[in-house]
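As structure tokens, the structure follows; a few thoughts come after it.
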Amino acid sequence: MVKTIESTVPIIDFGKFLNGSEAERKLIAGDMVKVMREVGFMYLVNHGIAQELINEMFAWSARFFALDENNKNWCRHPEDGAHHRGWSHVGKEKVSQMVFDRDLVKQLRRQPDVKESFDLGNENGYYSNIWPHDEDIPGFREFCNGFFACEDHTAKQLLRAIALGLGLDEEYLLNFHKTSDNQLRLLHYPPTETLALQTGEKERIAAHTDFGTMTMLLQDSCGGLEVEDPHIPGLFIPAPYIPGSIILNTGDFLMRWSNDVLKSTLHRVRAPPIDSKTGLAQRRYSIPYFVGADKDVVVDCLPSCHSALNPKKYESISSREYIAMRLRATY
Ligand SMILES: O=C(O)CCC(=O)C(=O)O
Ligand SMILES: [Fe+2]
């Protein structure tokens with residue numbers, strides 16, 4: 001049987017959590033945690049972020065990436081990989097999966113990802129944002145900041161649901177996400193020779209898991225995102241855009257925090273359908289929002305995720321220590 005996304009990545013109606021009765025809220029929270037345990041990826045519909053706002057964010061993203069290279073250079077990502085802000089040109093970044101060996105990282109970087117990105121965080125955060133000149137793209141900064149806040153609002157509702165589904169106090173996870181230390185990432189994968197993507201000579205984004213607590217992912221209709229089958233390692237299943245949906249996936253930090261009860265699943269971006277006019281793999285835009293825990297708060301295993309039969313597997317760790325370790329392997 002051909003595996004389809006519907007049979008692997010479930011669709012959850014989050015509106016029933018946002019506006020439902022106490023019983024419905026509990027049911028949805030339980031469903032979400034079940035999916036996080038089994039698959040690590042879900043589609044959310046009625047998630048509370050207005051579609052017009054999402055469309056507008058994609059339009060701003062396209063406008064930003066269409067800027068002249070000199071204008072984008074003004075806000076380029078610093079060499080320090082930990083300061084994850086600003087524009088990274090095509091070829092700058094290589095996402096890798098848990099590779100900490102310096103020589104191996106060097107070797108992997110010879111085949112960089114064919115994508116460019118723009119990263120921003122909370123304006124009041126530890127790392128300053130790096131913006132393009134306002135006159136080059138007036139209104140961009142303001143819109144991005146508004147969108148960041150809107151996603152943060154939804155992220156907080158999702159954190160409530162996950163805590164509830166884990167049998168914790170609904171506010172439990174919010175107490176570790178007080179500073180909104182999240183990252184909004186605009187991604188642009190330019191048109192690329194399909195064959196090079198198919199043979200793996202070039203990659204859009206190699207198989208990886210995300211670092212943080214969780215990721216909310218917006219994608220356009222191009223296609224190419226694939227999620228590893230939870231039961232068949234190495235089998236990747238296409239996760240196309242479902243109108244009106246966003247994707248929610250568990251991050252590595254939450255996986256560790258939950259004693260591996262919640263799964264952070266491998267995913268990648270491969271060749272989408274070929275553009276019939278150019279013969280190239282179509283351009284893709286996506287917008288992940290990485291939700292991160294407060295950097296200096298040390299987390300120990302979640303209370304409902306360990307027992308005498310299932311003892312704690314990991315030392316307690318702060319998100320700062322954990323993320324720094326992962327970023328060093330990426331830049
Ligand atoms: O472009 C996409 O849809 C995937 C992006 C992604 O997985 C990431 O940036 O971590
Ligand atoms: Fe990812």
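Values below: all heavy atoms of this structure, side chains included; hydrogens, waters and symmetry mates excluded. Given the structure is predicted, the values throughout are model-derived calculations rather than measurements. For ligands, and for the atoms within them, numbers begin at 1 and follow the listed sequence.
Of the protein's non-hydrogen atoms, Arg284 NH2, 2.5 Å is the one closest to atom 3 (O) of ligand 1. Counting protein heavy atoms only, atom 8 (C) of ligand 1 is closest to His208 NE2, 3.7 Å.
In this structure, Trp257 has its ring center no closer than 6.0 Å to that of Tyr314. Note: Phe64 and Trp60 fail the aromatic proximity criterion, with ring centroids not under 6.0 Å apart. Ring centroids of His188 and Tyr285 are separated by less than 6.0 Å, placing the two rings close together. For His267 and Phe41, the ring centers sit closer than 6.0 Å to each other.
Set against the non-hydrogen atoms of Leu217, the atoms of ligand 1 under 4.0 Å away are 3 (O).
A salt bridge between Arg85 and Asp119 is absent, with no side-chain N of the basic residue lying under 4.0 Å from a carboxylate O of the acidic one. Between Glu226 and Arg270 no salt bridge is recorded (no basic side-chain N to carboxylate O distance below 4.0 Å).
Inspection of the environment of the Fe ion (ligand 2) yields the following protein N, O or S atoms under 2.8 Å: His208 NE2, Asp210 OD1, His267 NE2.
The distance criterion of under 3.5 Å between nitrogen or oxygen atoms is not met by Arg185 with respect to ligand 1.
The main-chain N or O of Leu280 is found under 3.5 Å from a side-chain atom of Thr278 such that the two form a donor-acceptor pair. The backbone N or O of Asp294 lies less than 3.5 Å from no partner atom in the side chain of Asp181, so there is not a single donor-acceptor pair.
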